[in-house]
Each structure stands twice: as C-alpha cells, then as structure tokens.
Amino acid sequence: ESCIMIRFIDMKHMLHKFFLPILCMGVILSIAVLGVAADVRAADLAFSPTQKTVAVGDIFPVDVLLNTLGVPIIGIDLYFLRFDPQMLEVVDADLSVQGVQISPGTLMPLTVYNNVNNTAGTVAFSQVVLPGGVFSNTASQLVASIQFRALRSGKAVVSLDAEPGSTKDSNVTSLAI
C-alpha cells in the first residue's frame, strides 16, 4: 500500500494550494483538477473522475468538463494535457483519421485541433464557437472524453499545463481577452 497526492489548483485563488492524500493499489490514476481563467471571473475546467484504480491493460474514460460560470466564451484550448507515457496511453477515438485523437464533446461546434502524442504523453485539443457566436453554461458539461489504457502498475498523474495570464497553455477564452 502506498500513498499518492492529488493536487488541486484554483486559478481564481492561486494562493489556495493544498494536497489531499489518498490510498492507492495497482494502477492509480490521480488527476489534477484545475480552474482556468476566462475573464475577470473564472471558468471551471475539471477532470472526471479525479481518481481511479484500474488493472494493467484496462481501458477507462476520463472526461474533461467545463463550467463557464455564466461567462460567455469563444473557445477552449487544452495545451497540453499531460500524462506519463510509461504508465498510460490514449486509445484512438477515431480510427478513420490519421494519428491518435480524443473524443470531442459537443459544447462548441468546431474542433480545430485534436492530437495525441503517446510517446511524449501529451494531448493538444482546441474547440471554438462559430464566427460571431458565444458559449456559456452554469453547470459542468463535457468538452472531451479520453480513453486511457493502463500500461503498468504504479501511479500516474494526468494534468493540464496552465499558467495564470499565459496564452501559450490551456485556456478558456472569453470575448474580453
């Protein structure tokens, strides 16, 4: 038996960082839950589930969820979603398209980028609204779903690159930006 940490970061309150220990056995997927700045207010970008125990070889879903908290947005970028490629691999969601992709949700009609690099352990994904449109919601809804395969025993972490004020990482983009 060992212990892992799940790191929660709320970008609206960057000084509030904390760690939550959980027990793990077999392969544990520990997923960071992030809030990504979208305006003066913030949108909530999260993973579901936030933790999962699976056996080697199991394929299991991890959903990326978005709640704009009522703020109108025009797009979302996951750049990069990171995972340990020694522990996990993404199972291709669309065999008819070259490369490996995740399953896009239907929140925004245009998926402009969807690429998985299983060697590097990265996912790059972007969705936008139609020109002139906006999207907002007040409850968590599906942005994308990722099917992971557990490759070996141990612990794995899935996270999003997100730096407050940066536009070169994972972002929820509002009209005000």
Side-chain angles (χ1 to χ4, degrees), residues 6-7 9 11 27-38 42-52 54 56-68 73-131 133-135 137 140-152 154-175 177:
I6 298 177
R7 188 170 87 168
I9 300 175
M11 295 269 215
V27 173
I28 298 284
L29 177 63
S30 126
I31 303 172
V33 178
L34 302 173
V36 178
D44 290 332
L45 188 57
F47 294 116
S48 180
T50 58
Q51 63 186 12
K52 187 162 184 78
V54 297
V56 173
D58 282 358
I59 296 173
F60 58 96
V62 174
D63 293 336
V64 180
L65 305 174
L66 173 67
N67 179 348
T68 72
I73 67 165
I74 57 172
I76 182 169
D77 296 314
L78 306 180
Y79 189 81
F80 288 106
L81 181 146
R82 295 187 184 274
F83 60 93
D84 182 345
Q86 300 300 310
M87 303 297 293
L88 301 170
E89 73 178 354
V90 174
V91 177
D92 193 2
D94 189 349
L95 297 175
S96 68
V97 176
Q98 185 175 354
V100 178
Q101 293 85 38
I102 62 175
S103 296
T106 58
L107 293 186
M108 289 170 257
L110 301 174
T111 299
V112 294
Y113 197 73
N114 185 351
N115 188 314
V116 175
N117 184 329
N118 273 322
T119 303
T122 59
V123 175
F125 179 85
S126 182
Q127 271 191 338
V128 296
V129 298
L130 292 172
V134 295
F135 171 82
N137 64 359
S140 292
Q141 292 179 283
L142 183 69
V143 171
S145 187
I146 306 159
Q147 294 289 322
F148 283 107
R149 177 181 290 116
L151 299 177
R152 63 174 59 166
K155 67 177 181 177
V157 175
V158 175
S159 64
L160 284 173
D161 291 352
E163 178 81 23
S166 174
T167 59
K168 297 180 180 181
D169 56 13
S170 298
N171 286 284
V172 176
T173 306
S174 74
L175 291 173
I177 293 178

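Quick note: residue numbers are just sequence positions, from 1. Side chains are part of it too, since the values below use all heavy atoms of this structure and drop only hydrogens, waters and symmetry mates.
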Discussion item. Between Asn137 and Asn67, is the side-chain contact (heavy atoms from CB on, under 4.5 Å) condition met? List the steps.
Written reply: CA-CA 6 Å; Asn137 64 359; Asn67 179 348; 3.7 Å; yes

Calculate, to the nearest 0.5 Å, the distance between atoms [atom1] and [atom2] belonging to [X] and [Y] respectively.
X      : Y      : atom1 : atom2 : answer
Thr68  : Phe135 : OG1   : CZ    : 6.0 Å
Leu142 : Leu65  : CG    : CG    : 6.5 Å
Leu78  : Ser170 : CG    : OG    : 5.5 Å
Leu66  : Leu107 : CG    : CG    : 6.0 Å
Ile146 : Phe47  : CD1   : CZ    : 6.0 Å

Worksheet entry | Audit row: Leu110, Leu130, side-chain contact (heavy atoms from CB on, under 4.5 Å) steps and yes/no | CA-CA 7 Å; Leu110 301 174; Leu130 292 172; 3.9 Å; yes

Discussion item. Please evaluate residues Val62 and Phe148 with respect to the criterion side-chain contact (heavy atoms from CB on, under 4.5 Å), reporting the C-alpha separation (whole Å), side-chain torsions for both, the decisive distance (0.1 Å), and the verdict.
Written reply: CA-CA 7 Å; Val62 174; Phe148 283 107; 3.7 Å; yes

Can you confirm whether [X] sits close enough to [Y] that some side-chain heavy atom of one is under 4.5 Å from a side-chain heavy atom of the other?
X      : Y     : answer
Leu151 : Val56 : no
Arg149 : Ile59 : yes
Val158 : Leu88 : yes

Worksheet item: What side chain to side chain donor-acceptor pair (under 3.5 Å) pairs are there with at least one residue in residues 79-88, not counting sequence neighbours?
Response: Arg82-Asp161

Donor-acceptor under 3.5 Å ([X] side chain, [Y] main chain):
X      : Y      : answer
Gln127 : Gly105 : yes
Asn118 : Val90  : yes
Asn114 : Phe125 : no

Discussion item. Ignoring hydrogens, what is the shortest heavy-atom contact between Ser145 and Pro61? Give both atom names and the distance.
Written reply: OG-CB, 4.2 Å

